[in-house]
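To keep things clear, I will list the structure first and then write my remarks on it.
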Amino acid sequence: MRILLIAGAFNSLTQRVYAELGDHGHQVSVELVTRNTPLPEVVRHHAPDLIVAPMLKTAVPREVWSTHTCLIVHPGPVGDRGPSSVDWAVHLGADRWGVTVLQANDEMDGGDIWAAASCPVPDVGKSDLYRNEIADAAVEAVLTAVARVASGTHRPQPQAELSDAAKPGRPRPPFRQDLRRIDWRSDPTDTVVRKLRAADSQPGVRDELLGDTWNLHGGHPEDTLTGRPGELLATRCGAICRATADGAVWIPELRPPRAPGEPGTLKLPATLALGDRLPPLPEVPAPLDAGDGPRTWTDIRYREDGPAGFLEFSFPGGAMSTDHCRRLLAAYRHACARPTSVLVLGGRRDFFSNGIHLHVIEAAADPAEESWANIQAMDDLVHAVLTTTDRLVVAALGGNAAAGGAMLALAADEVWCRASVVLNPHYRLMGLYGSEYWTYTLPGRTGPEVAGQLTARALPITAAAGARLGLVDRIIDCPAQDFAAQTARLAVRLASAPTTQARIATKKADRERDEAHRPLAAYREHELSQMHRIFFDPDQPYHALRRAFVRKEPTAAAPAHLDFSPAGT
């Protein structure tokens, strides 16, 4: 079918639905919709067989839903209504949640039901839940609904016909800041963590800190450090530790509130955001290999299971600043000093990496210089992976990867992806040529022609499509919570395989052959010459695109490369 996606943003769920529908043979276009979008004209332009709204914050006008079947993807169970469904799921500590695909009508979230799917709610933040369990359920429900529409025989079920028992959800109000407020004097750690996680990406928890108002983003429990409730106790890896009524929490990021009429503000590592306001606090490192130690937070961990090593990392939003890259490189070198034959690089779930940290770059006194430092640090990390010849390196993607983060994965010997992963192996939409040795690794896996198509078209692809193109070596079809265990089992098996030592020897010979043909330094010099020109020319589109991205400036329309309507083809 010819399907039009309408969405408030081309976010992770919209990308996932776009890529999955394309894999199922549908012709899919995307339109980004605001309150000012003339949606009836947009629909006439595309002439779709079906409209799907994976993430929409505005109502669909009668002129559209009365003439076209329009499916709304609501991230809540049947009967749930309201704009803050996932926030409520985390705040309430729900065990299970769901996604409902319903037909747009004149009642918000009240249309007939085409499909629904349920999902577990693990103890994670809202955005992690949304990108994983909620997205998995959404894709399941969307594919079912689209198949039912295509059949021409299915009758959607009016919500009025459902009994109360068949509607596990109920209407809920918007989750406003007064509901998120933390009482540092009386709220225990578990309550504080739940409030922070219910707002981790947007909007954050509004709070007073060191005499200013901030939005707090992300929350992780700390079992050892304690102090007077509300006071700051320590720092670690850019995060701050703040005392609760019975313990403490780590808060990785802060963002100042947005003033009316002003551009969006930047979400930054907490210590960077506070700057000179931060009082002298101890930097309390967490051991790289914590073993069975106390419950504490760190963004990089290393562990071993026999002959397999696991270097796990998780950075907010998948963004890797200069500091993130340098600390991960140091941890990688530590892991390479260990007596293992397989090293797994990746997180347990959620984002693998999205490349350089655009928020930190935008906040820098000289964004060009910080861009340059950040890309050099990314290149140093990727170079270390490419030149590891005494063991096999596996990139384990429990979540999405894009731009330089996707190229970091391709530096490994094998790329393992959870089946739900979306890959964006390109840089063009941020106005960048790209680095991370992509001119070596991407054509090496796909061939020059396909590599050129991927970087020019700049479209998201599923893990399955990545496997067909040669980007992915193994797909692990499992829930997000099971990915780490599945990866560990497979890695131990790979490390113990009788052919592994021969593969390591072959890998070393291949690297020496490639180096003799064209040194890695030549690829790096070529890529960085392009990036230097872009970074240090203020008229290059990168600077405006970066600013619009981090400050969430409204987009006038979907990029032309997403338009496959009759007028756009």
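Bear in mind the structure is a predicted one, so any value in this text is a computation, not a measurement.
With E527 contributing its side chain and T439 its backbone, the two residues share a donor-acceptor pair below 3.5 Å. H359 contributes a side-chain N or O that, together with a main-chain N or O of K267, makes up a donor-acceptor pair within less than 3.5 Å. Distance alone, capped at 3.5 Å, is enough to place a donor-acceptor pair between the R236 side chain and the W297 backbone. A distance-only check finds a donor-acceptor pair linking the side chain of T100 to the backbone of G76 [under 3.5 Å]. Checking side-chain atoms of E370 against main-chain N and O of E362 turns up no donor-acceptor pair under 3.5 Å. A donor-acceptor pair under 3.5 Å links the side-chain atoms of N400 to the main chain of V422, judged by distance alone. Between the side chain of H357 and the backbone N or O of M320 there is no donor-acceptor pair closer than 3.5 Å. For R348 (side chain) and E312 (main-chain N/O), no donor-acceptor pair under 3.5 Å exists by modelled atom type. Within the 3.5 Å criterion, the main-chain N or O of G317 finds a donor-acceptor partner in the side chain of N354.
Using a 4.5 Å heavy-atom threshold, the side chains of W250 and T296 count as touching. Side-chain contact check for M407 versus Y427: some heavy-atom pair is nearer than 4.5 Å. Between L494 and R503, some side-chain heavy-atom pair lies under the 4.5 Å cut-off. With contacts defined as side-chain heavy-atom distances shorter than 4.5 Å, the pair R16/D136 qualifies. When side chains are defined from C-beta on, V394 does not count as touching L490, because their heavy atoms never get closer than 4.5 Å. A heavy-atom distance below 4.5 Å is found between the side chains of T462 and E20. A 4.5 Å side-chain heavy-atom check between W97 and S85 finds at least one atom pair inside the cut-off. For the pair T441/L386, a side-chain contact is recorded, criterion being any heavy-atom separation below 4.5 Å from C-beta on.
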Next on the checklist: Applying ring-ring contact (aromatic ring centres under 6.0 Å, His included) to Y433 and W438, what does each step give before you reach the verdict?
Outcome noted: CA-CA 10 Å; Y433 179 79; W438 77 267; 5.6 Å; yes
Item to check | Residue pair D350, S314: steps toward the side chain to side chain contact (heavy atoms under 4.5 Å, CB included) verdict | outcome: CA-CA 8 Å; D350 206 22; S314 179; 5.7 Å; no
Next on the checklist: If you apply the rule side chain to side chain contact (heavy atoms under 4.5 Å, CB included), what do you find for V73 with L71, and how did you get there?
Outcome noted: CA-CA 6 Å; V73 181; L71 303 182; 5.8 Å; no
Next on the checklist: Apply side chain to side chain contact (heavy atoms under 4.5 Å, CB included) to residues L459 and Y18 and explain how you reach the verdict.
Outcome noted: CA-CA 9 Å; L459 295 172; Y18 172 89; 3.5 Å; yes
Item to check | side chain to side chain contact (heavy atoms under 4.5 Å, CB included) between T455 and R428, worked out | outcome: CA-CA 7 Å; T455 54; R428 182 170 67 85; over 6 Å; no
Contacts under 3.5 angstrom, residues 470-480 side chains, donor-acceptor by atom type, not counting sequence neighbours:
residue : atom : partner : partner atom : Å
D473    : OD2  : V415    : N            : 2.7
D473    : OD2  : R445    : NH1          : 3.3
D473    : OD2  : R445    : NH2          : 2.8

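Here the shortest heavy-atom pairing between P75 and I134 reads CB-CG2, 4.1 Å. When every heavy atom of S353 is checked against every heavy atom of G355, the shortest pair comes out as OG-N, 3.1 Å. The shortest non-hydrogen separation linking S371 to I361 is OG-CG2, 3.1 Å. The heavy-atom pair separating P54 from A7 by the smallest distance is CD-CB, 4.4 Å. Contact record, A137 with A117: O-CB, 3.5 Å, taken as the closest heavy-atom pair. Here the closest heavy-atom approach between residue R326 and residue A377 is recorded as CG-CB, 4.3 Å.
The pair R338-D289 does not meet the salt-bridge criterion, since no charged nitrogen lies less than 4.0 angstrom from a carboxylate oxygen. D510 and R513 are joined by a salt bridge, as a carboxylate oxygen and a charged side-chain nitrogen come within less than 4.0 angstrom of each other. The residues R197 and D123 are annotated as salt-bridged, a charged nitrogen and a carboxylate oxygen being separated by less than 4.0 angstrom.
When each of I504, V492, L392 is tested with V342 by the rule side chain to side chain contact (heavy atoms under 4.5 Å, CB included), just one qualifies, namely L392.
For the atom pair E304 CD and T340 OG1, the distance stands at 6.0 Å (nearest 0.5 Å). Atom CZ in F351 sits 4.0 Å away from atom CZ in R131 (nearest 0.5 Å). Going from atom CG of L4 over to atom NE2 of H46 covers 5.0 Å, rounded to the nearest 0.5 Å. For the atom pair CZ of R418 and CZ of R349, the computed distance is 7.5 Å after rounding to the nearest 0.5 Å. The distance from the CG atom of L143 to the CG atom of L21 is 6.0 Å, given to the nearest 0.5 Å. Expressed to the nearest 0.5 Å, how far CD of E414 lies from CG of L345 amounts to 13.5 Å.
Applying the salt bridge (charged side-chain N to carboxylate O under 4.0 Å, His left out) test to pairs two or more places apart or on separate chains, those with a residue in residues 387-413 are D413-K507. Among residue pairs with one or both ends in residues 375-389, those qualifying as side-chain hydrogen bond (donor to acceptor under 3.5 Å, both in side chains) are Y332-T388, Q376-R524, D379-S435, D380-R524; sequence neighbours excluded.
A side-chain donor-acceptor contact under 3.5 Å links T14 and N11. For the residue pair H324 and S321, a side-chain donor N or O sits within less than 3.5 Å of a side-chain acceptor on the partner. Judged purely by distance below 3.5 Å, without hydrogens or angles, the side chains of Q15 and N424 pair a donor atom with an acceptor atom.
Taking the ring centroids of Y542 and F535, they lie under the 6.0 Å cut-off.
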